[in-house]
Amino acid sequence: MEELGFWMALSSVPGLGPRQAKALVDAMGSARAVWEAPERILEAAAGARAARAIIRARDSWNAAGEARRLEQAGVRAVTLVDREYPWLLRQIYDPPLLLYIKGNWLFPGLHVAMVGSPNPTPAGKATAFRLGWELARTGAVVVTGLGWGIDHAAHRGALAAGGLTMAVLASGLDVPRQHGQRLFMSQIARRGALVSEYPCGIPPASWRRTACSRLISGLCHGTVLVDGTIRGPELLTADFALEQGREVLAVPGEPGSPLGEAPRALLAAGATPARSGEQVVESIQAAGWRAI
């Protein structure tokens with residue numbers, strides 16, 4: 001098994017988080033060394049619980065099967081120590097051990113996340129499309145989560161402009177989807193990338209969508225919120241962006257609209273209003289961020 005396979009094996013160990021796994025790799029020199037270490041060495045380095053988890057995982061790990069699944073899906077994996085791993089994402093508190101990618105990768109330019117309600121107002125959807133188009137025309141990469149509503153509109157705007165867009169999924173990249181969504185994913189992969197921290201075969205789940213939010217913001221210099229409620233999941237990505245020290249912008253919502261609550265809250269807290277793609281890029285650059 002090659003080193004990539006050992007990284008994949010470590011990422012599959014239940015209860016072994018990316019920070020602890022990376023610390024073990026740093027201490028022992030390679031993922032293979034961690035995977036093959038005697039139990040007493042693992043206990044000394046990571047504690048009895050983590051050691052037992054790794055030992056148990058060895059019995060069920062199917063390296064050949066996982067490699068075959070990646071090949072069949074047209075997916076490749078990048079580890080946290082590879083040169084291809086995004087510098088921006090490496091700076092967050094808990095970067096994934098691996099990223100699974102379908103499509104192109106390592107795009108130049110500013111990366112801007114576009115997030116919002118899956119059930120936006122017509123004005124919100126039109127704004128997301130326009131901003132996606134305008135951002136793509138500046139050369140920025142539009143990053144979002146492939147959900148319906150704001151995500152979908154932002155992707156479509158970037159594609160309509162002939163620009164680059166990246167979809168971050170809360171599941172394996174090979175998980176079956178509706179026919180229309182599969183076609184849309186193919187378009188995105190041709191003009192950008194599909195990305196996940198989850199290996200092939202992993203289904204979506206609500207807690208994975210939460211983790212996905214911190215991945216979307218972590219890949220980007222700034223995040224733009226369009227339409228959302230205070231109690232909705234839309235604020236998660238903006239919250240993560242703030243924790244990660246990234247820029248946060250919001251589109252002023254329609255007066256009186258419940259979906260304007262989240263943008264209004266961010267603006268009241270000091271977020272920059274997002275009015276055009278060019279202005280979003282200028283705001284991110286003014287904060288000191290430069291293209292990758």
Looking at side-chain heavy atoms only, is the closest gap between [X] and [Y] below 4.5 Å?
X: Thr79; Y: Glu3; result: no
X: Val175; Y: Pro204; result: yes
X: Val112; Y: Leu131; result: no
X: Leu266; Y: Leu235; result: yes
X: His111; Y: Met166; result: yes
X: Phe6; Y: Ser30; result: no
X: Met114; Y: Val251; result: no
X: Ile54; Y: Trp35; result: yes

* **Stepwise side chain to side chain contact (heavy atoms under 4.5 Å, CB included) check, Phe184 with His152** => CA-CA 9 Å; Phe184 192 52; His152 201 267; 3.5 Å; yes
State, to 0.1 Å, how close [X] and [Y] come at their nearest heavy-atom pair, and which atoms those are.
X: Val25; Y: Trp7; value: CG1-CZ2, 3.8 Å
X: Glu234; Y: Val115; value: O-CG2, 4.1 Å
X: Arg58; Y: Glu36; value: NH2-C, 3.4 Å
X: Ala113; Y: Cys220; value: N-SG, 3.4 Å
X: Leu249; Y: Ile284; value: CD1-CG1, 4.3 Å
X: Ala136; Y: Ala161; value: CB-CB, 3.8 Å

* Asked: Run the side chain to side chain contact (heavy atoms under 4.5 Å, CB included) check on Thr223 and Arg246 step by step: do they pass?
  -> CA-CA 8 Å; Thr223 292; Arg246 312 297 164 83; 5.7 Å; no
Measure the spacing between [atom1] of [X] and [atom2] of [Y] and express it to the nearest 0.5 Å.
X: Leu10; Y: Lys22; atom1: CG; atom2: NZ; answer: 12.0 Å
X: Thr165; Y: His155; atom1: OG1; atom2: NE2; answer: 4.5 Å
X: Thr138; Y: Trp133; atom1: OG1; atom2: CH2; answer: 10.5 Å
X: Ile188; Y: Leu169; atom1: CD1; atom2: CG; answer: 8.5 Å
X: Leu173; Y: Leu99; atom1: CG; atom2: CG; answer: 10.0 Å
X: Asp174; Y: Tyr100; atom1: CG; atom2: OH; answer: 11.0 Å

* Asked: What pairs of residues pass the side-chain hydrogen bond (donor to acceptor under 3.5 Å, both in side chains) test when at least one of them lies in residues 40-49, not counting sequence neighbours?
  ->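 Of all non-adjacent pairs touching residues 40-49, none passes side-chain hydrogen bond (donor to acceptor under 3.5 Å, both in side chains).
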* Pairs involving residues 183-199, ordered by first then second residue, that meet side-chain hydrogen bond (donor to acceptor under 3.5 Å, both in side chains) (sequence neighbours left out) ->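 Output for this query lists Glu197-Arg214.
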Is there a continuous path of hydrophobic side-chain contacts, each under 4.5 Å between heavy atoms, that joins [X] to [Y]?
X: Leu236; Y: Val168; result: no
X: Leu135; Y: Phe129; result: no
X: Ile202; Y: Trp61; result: no
X: Tyr93; Y: Leu89; result: no
X: Leu215; Y: Trp207; result: no

* Asked: Got a sec: does the CD of Glu71 have more than 12 other heavy atoms crowding it under 6.0 Å?
  ->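 Incorrect, the count does not exceed 12.
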* To do: Taking atom CD of Glu278 as the centre, report whether more than 12 heavy atoms of other residues, nucleotides or ligands fall under 6.0 Å from it.
  =>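 12 or below, so no.
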Using modelled atom types and a 3.5 Å cut-off, is there a donor and acceptor pairing between side-chain atoms of [X] and backbone atoms of [Y]?
X: Arg275; Y: Pro252; answer: no
X: Glu247; Y: Gly222; answer: no
X: Arg90; Y: Pro95; answer: no

* To do: Verify the distance criterion only: is there a donor paired with an acceptor across the side chains of Ser283 and Gln279 at less than 3.5 Å?
  =>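 Yes, side-chain donor-acceptor contact under 3.5 Å.
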* Take Glu2 and Arg32 through the test side chain to side chain contact (heavy atoms under 4.5 Å, CB included) and record every step on the way to the result. => CA-CA 8 Å; Glu2 297 182 358; Arg32 178 173 188 164; over 6 Å; no
* To do: Please test Phe240 against Ile216 for side chain to side chain contact (heavy atoms under 4.5 Å, CB included), starting from the C-alpha separation and ending with a verdict.
  => CA-CA 9 Å; Phe240 280 120; Ile216 292 171; over 6 Å; no
